[in-house]
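In each ligand, atom 1 is the first atom listed, and ligand 1 is the first ligand listed.
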Amino acid sequence: MADAPDPGEIEGLLRDLVAIPSVNPALGEGNEAAIARFAADWLRSRGLSAAVEEVEPGRANVHAEVGVGGPDLCLYGHLDTVSVRGMTGDPYGASLREGRVYGRGAHDMKGGVAAVMSAAAALAAAGIPRGRLSVALLCDEEWKSIGADAYVRRHHPDACILTEPTDGQLEVTHKGFIWLEVVTRGRAAHGSRWDLGVSAIAGMAPVVSALDAFDRDVLRRREAPLVGPASLHCALIEGGTGVSTYADTCRLQVERRLLPAEDPELASAEIGAVVRAACPDAEVRPYFARTGLVGDATTRVAVAVREAAAGVTGREPDVVGAGGWTDAAVFSAAGVPSVLFGASGAGAHETEEWADLASVVRLARILAEAARRFWG
Ligand SMILES: [Zn+2]
């Protein structure tokens, strides 16, 4: 097929992308500016209109598009990687051995970015009779997702395929989460002054027990299809100033994993009630929340991916859900039906990382085919 993504081009593109450092500045030294410029130039040279959109100084998304009218299908990849600390090989070597491209971000997720870019180039070259393709290559997925938040404020595609590495599975739903801080107060006093001192740590003890029981007895029995149960854990605790001083403050940080459709505010209120039943004076402060991805395999975009994957590989992809949160939830919360479908490889966030090149080539073909089916 003249308009199919070209395997040789994909290999070169993936190796070029891996060779450009794009460590998230919250996790190490670097940013996404250079790779964003490279991707925008590459897409422009293939006939798309592409722009680097600054999100914060040094932090940039790329938006590219081709075609007119609708429906508008968005293909997503994130440009940032985690740090390169402790990696065994050259993180930017982009060497190819036995069908694997090695380097930081090869798997998570420059393979997906390369597939998106080459699928977009193939579609642009073939011409799009009706419908529009948007390409979203975003910053900061590995930290606070400022790239995704900024993108959905500016752009409103009709659906999105996020190419995080899913090993050829179609992920249609995942969990959200909330982070909360619980604070108990005591009264500081010299360690000998049992008559004056009140330990805030002792005040936290029944809170920890109550939260643990709430997780075991209530949350683990609350389940949603494909993702398993809700859960909660006491993640961090600190209190006290010295062994001879009654602790005046104790701080506990709690993470609650939300079922895809659970409301963060209701979940926070529920935790507040559990905490106050155990310790009436405790303070509960939710400080960060992300809703989950609500979806199933029957949306138009999910059907397009299923049919395209079946056409290219000869079998329908497995439909799965996951515990981990992704930018798909940001698109979904903005009213954009979204699914995750990506390539294979290993070593995300580990000391050796690689992408399976054949699966990246296959992904590019499936994306191009899914777009054609989505436009109808
Ligand atoms: Zn990722």
Side-chain angles (χ1 to χ4, degrees), residues 13-14 17-18 20-28 30-32 35-36 39 55 59-62 74-85 87 91-92 94 100-117 119 135-152 160-177 257 290 292-293 295 305 320-332 336 338-357 359-360 363-364 367:
L13 176 58
L14 173 54
L17 290 167
V18 171
I20 302 171
S22 58
V23 174
N24 188 304
L27 306 173
N31 62 38
E32 304 91 345
I35 199 169
V55 176
R59 312 301 302 279
N61 288 339
V62 174
C74 181
L75 302 180
Y76 159 107
H78 66 77
L79 296 171
D80 60 323
T81 72
V82 295
S83 100
V84 299
R85 256 190 309 278
M87 287 195 77
Y92 307 117
R100 299 171 172 183
V101 174
Y102 285 83
R104 175 53 83 222
H107 182 47
D108 183 13
M109 58 163 288
K110 293 179 179 181
V113 172
V116 165
M117 290 169 67
V135 174
L137 304 178
L138 307 187
C139 64
D140 200 44
E141 191 276 341
E142 300 288 1
W143 187 240
K144 288 202 161 166
S145 293
I146 61 172
D149 285 337
Y151 190 84
V152 299
C160 185
I161 304 169
L162 295 92
T163 58
E164 290 276 10
T166 64
D167 201 19
Q169 297 177 314
L170 178 63
E171 184 180 322
V172 296
T173 181
H174 66 61
K175 290 180 181 176
F177 63 93
R257 291 284 167 165
R290 287 292 193 180
L293 172 65
V305 173
V320 299
W325 186 88
T326 75
D327 277 353
V330 176
F331 283 80
S332 169
V336 183
S338 298
V339 295
L340 294 135
F341 184 79
S344 306
H349 302 210
E350 294 177 19
T351 54
E352 184 179 77
E353 179 174 357
W354 54 269
D356 176 76
L357 182 58
S359 76
V360 174
L363 174 61
L367 293 174

Would you mind telling me which of [options] makes a side-chain contact (heavy atoms from CB on, under 4.5 Å) with [X]?
X: Glu171; options: Leu162, Leu340, Val339; answer: Leu340
X: Val62; options: Ile35, Val113, Leu137, Val135; answer: Leu137
X: Ser344; options: Leu363, Asp356, Leu357; answer: Asp356

Shortest-distance N, O or S atom of Glu164 relative to the Zn ion (ligand 1): OE1
Atom of Asp108 nearest the Zn ion (ligand 1) (restricted to N/O/S, atom name only): OD1
Glu141 N/O/S atom closer than 2.8 Å to the Zn ion (ligand 1): no
Any N, O or S atom of Glu142 closer than 2.8 Å to the Zn ion (ligand 1): no
Sub-4.5 Å side-chain heavy-atom contact between His349 and Glu142: yes
